[in-house]
Amino acid sequence: MLTKRIIPCFDVDRGRVVKGVSFVELRDAGDPVELAKLYDAEGADELVFLDITASSDNRATVYDMVSATADQVFIPFTVGGGIRTTVDMKTMLELGADKVSINTAAVNNPDLVNEGAYRFGSQCIVVAIDAKGVGEGWEVYTHGGRTPTGIDAIAWAREVVERGAGELLVTSMDTDGHQSGYDIAMLRAMSEAVNVPVIASGGAGGPDHMAEALTEGKADAVLAASIFHFGTYSIREVKEALSGQGIAMRPVAARD
Amino acid sequence: MAANPFLVVVDYDAGNLRSVERALAHVGVDATITADWADLARADGVILPGVGAASDTMAKLGERDLTEPLREYVASGRPFLGVCMGLQALLEHSDEGGGQECLGLLPGNVRHFGFDHLKVPHMGWNQVRWLREHRITSGIASGSYFYFVHSFYPDPADPDLALGETTYGLTFPSVLARENMVATQFHPEKSGEAGLAIYANFAEWVREAA
């Protein structure tokens, strides 16, 4: 049976993981490769790196990180942040990323989705949608959730899939950072609107929230950052809890 | 048995080429990425990787004059591993993109999932059950999880070709094997320890055969 995926997300600035990852086991908690290896061993099904490096002068640091991760981690990983052209996509994919995620760049230039899907295949084009509730629906925001666009999020989801997106990474700006659960109504509407996998993001406080997103929200995968990075729950604990609720999970390998 | 066999990964611009090379490096094998038919002619082992579309794959193999060398290599009896599109390319025909003739090294077709009730592509980790014993799956438990990304699935004409099977809406053969040919629909290079074990087993086979 196809399992639901658990995906830890890292914010990376100049090749270093930021946002206070605290792991006693790690010599260097800011090293993305060390963290990726740890989460892989813990049972992560995929990884997402979000490059938040402000200056383009520092792009080389993220290139090194992508390449080093691909050398040592043998599960799929996605890189997002700062990808604006098919040249940027090609660079990341050639360095070893399995998928690239685009957000603001897709809104500014929707043809980028078509061009990316045509050149590299839909399977490696993830469109990230940040949205906020408005009236009966949800509105797309860009620039890390700062800029409203007036675009209906469900219509946008349909459009990008039509253009060739292979997967959607859906973040609710309303629930993100609160650890009080994902926006289930939005996830469900999004998942029912498209026929590609939907990754739920924004608001995970624990396994029960994830279970809700994967069942009622009809998501195919859940992404979380803080609860893993701060050690509130390990991936193993999350997977055991979700399996216990009858949700298909890839079991975590036994520790030696 | 050769300590350093000449293991070739066929270069036709497939997206997962470097990932396959990295997985082989991780299990201690230096692979040569090449589009030179002469390298295929003298290889001890060949891997045909692949993601993307069948038409694109066949066009690129044709442009690089690799179609015949691949056939000749397989006919020579030396170990061959196909991955994802590298599996689908072995069959006679794919329904992808309105229909595409493939290499025809194995009898059968490649068909679209075409589900209304399930998402397509079949993307993520799914179980593979072994249907018989084979050295490529040695030491890997039946029912292990592997990473899949595909919208089309193999439908071989001979059911005995199936070495492993997977269920997504329907049950399809996710590993094919006949004589010196093995091919996986999943991506072993993205399937953690279980996937690395596939490459380690293939490398061992190539070493012994060399």
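A, B, ... follow the sequence lines: proteins, then strands. Residue 1 opens every chain. Given the structure is predicted, the values throughout are model-derived calculations rather than measurements.
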Top of [options] for chain B proximity - count of heavy-atom pairs under 4.5 angstrom:
| options | answer |
| --- | --- |
| A:Val194, A:Leu93, A:Asp98 | A:Asp98 |
| A:Ala221, A:Pro76, A:Gly121 | A:Pro76 |
| A:Lys4, A:Met1, A:Arg5 | A:Met1 |
| A:Asp40, A:Val73, A:Leu95 | A:Leu95 |

Does any heavy atom of chain A fall under 4.5 Å from the side chain of [X], the backbone, both, or neither of them?
| X | answer |
| --- | --- |
| B:Glu189 | backbone |
| B:Val120 | both |
| B:His122 | side chain |

**Prompt:** Between A:Arg158 and A:Glu162, is the closest basic N to carboxylate O distance under 4.0 Å?
**Reply:**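 Salt bridge absent between A:Glu162 and A:Arg158.
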**salt_bridge(A:Lys37, A:Glu42) N-O dist < 4.0 Å** = no
For [X], which atoms come within 4.5 Å of any heavy atom of chain B: side chain, backbone, both, or neither?
| X | value |
| --- | --- |
| A:Arg250 | both |
| A:Val198 | both |
| A:Ser122 | neither |
| A:Lys99 | side chain |
| A:Asp45 | both |

Between [options], the one whose heavy-atom pairs under 4.5 Å with chain A are most numerous:
| options | value |
| --- | --- |
| B:Leu196, B:Asp56, B:Thr166 | B:Leu196 |
| B:Gly195, B:Gly124, B:Ser19, B:Ser151 | B:Gly124 |
| B:Phe115, B:Trp125, B:Tyr147, B:Tyr145 | B:Trp125 |

**Message:** Any side-chain to backbone donor/acceptor pair from A:Arg188 onto A:Glu216? Under 3.5 Å, distance only.
**Reply:** yes
**Request:** Verify, without hydrogens or angle tests, whether A:Ser191 (side chain) and A:Lys218 (backbone) share a donor-acceptor contact under 3.5 angstrom.
**Result:** yes
**Centroid-centroid under 6.0 Å between A:Phe77 and A:Phe49 rings** = yes
**Asked** So, do B:Tyr153 and B:Phe113 have ring centers that fall under 6.0 Å from each other?
**Response**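 When the ring centroids of B:Tyr153 and B:Phe113 are compared, they turn out to be within the sub-6.0 Å range.
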**Prompt:** Are B:Phe148 and B:Met123 close enough, and set up right, to give a side chain to side chain contact (heavy atoms under 4.5 Å, CB included), and what steps lead you there?
**Reply:** CA-CA 5 Å; B:Phe148 289 83; B:Met123 180 189 280; over 6 Å; no
**Message:** Using the rule given for side chain to side chain contact (heavy atoms under 4.5 Å, CB included), can you reason through B:Glu21 versus B:Leu17, listing the C-alpha separation, both sets of side-chain angles and the distance that settles it, and then say yes or no?
**Reply:** CA-CA 6 Å; B:Glu21 182 190 25; B:Leu17 198 64; over 6 Å; no
**Prompt:** What is the ring orientation for B:Tyr73 with B:Phe80, classed by angle as parallel under 30°, tilted 30 to 60°, or perpendicular over 60°?
**Reply:** tilted
**Prompt:** Taking atom CZ of A:Arg59 and atom CE of A:Met92, what is their separation to the nearest 0.5 Å?
**Reply:** 4.5 Å
